[in-house]
Amino acid sequence: MPIISVGLLLIAIAFAVVCCYLAFTLNRLSYNIRSLGRSVVKMEEEMNHITPEISTSLQEVNHLIDDTHEKLQATDSVFGSLEDVGTSVQSLNEAYKVKRQALDDAKLEEKLNLAMKGITWSEAAIQIYKSYQASKVNKVNQQREEVK
């Protein structure tokens, strides 16, 4: 019988320990739930404050997106013009290639020589004109010195 008494005593002690643990756990749980309730109330207040600001921000973002869309549509014509320029350059390049292939080296050299002669004579004319202007300025300066 004493073994049964000792067993019952151990069971009673174990039951008391489990009850204390459950009481402690339930107390912590109730504290956490109260804290959660306070947090939810604070969150609702902050959301009531933040929601109009978010709404305003979304309206501004919508306005910016519309503005950006309009500006992108305005640039479509620029890109169309650039495409036309590219097409023109490509056509010019193809025309040059055809003309270049039709022109042999001797004819090309002859035309280049004519261009070089033209450049040489134009440089000579410019030099003569500059020397004429310089002599004219010198004569005017000499006349001024004689008058003094």
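Remember, predicted model here, so these are calculated numbers, not experimental data.
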Item to check | Short side-chain to backbone donor-acceptor contact, S122 and I119, under 3.5 Å | outcome: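 At least one qualifying donor-acceptor pair exists.
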
Checklist entry - Are the side chain of T56 and the backbone of P52 linked by a donor-acceptor contact shorter than 3.5 Å? => result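 Yes, T56 side chain to P52 backbone: donor-acceptor pair under 3.5 Å.
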
Checklist entry - Checking side-chain hydrogen bond (donor to acceptor under 3.5 Å, both in side chains) against D67, which of K71, H63, H69 comes through? => result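 Testing D67 for a side-chain hydrogen bond (donor to acceptor under 3.5 Å, both in side chains) against K71, H63, H69 leaves exactly one candidate, K71.
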
Item to check | Test item: C20 and F24 side chains (from C-beta on) under 4.5 Å apart, heavy atoms | outcome: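 No; the side chains remain at least 4.5 Å from each other.
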
Quick one: [atom1] on [X] to [atom2] on [Y], what's the gap to the nearest 0.5 Å?
X    : Y    : atom1 : atom2 : answer
N32  : N27  : CG    : CG    : 10.0 Å
I33  : L26  : CD1   : CG    : 9.5 Å
I126 : S131 : CD1   : OG    : 12.0 Å
L114 : K117 : CG    : NZ    : 6.5 Å
Y31  : L36  : OH    : CG    : 12.0 Å
I4   : L9   : CD1   : CG    : 13.5 Å

Side-chain atoms of residues 42-50: list all donor-acceptor pairs with protein atoms under 3.5 Å, sequence neighbours left out, distances to 0.1 Å.
unit_1: N48; atom_1: ND2; unit_2: E44; atom_2: O; d: 3.3
unit_1: H49; atom_1: NE2; unit_2: E53; atom_2: OE2; d: 3.3

Checklist entry - Would you find more than 12 non-hydrogen atoms of other residues, nucleotides or ligands less than 6.0 Å from E83 atom CD? => result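 No, the 6.0 Å shell around CD holds no more than 12 heavy atoms from other groups.
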
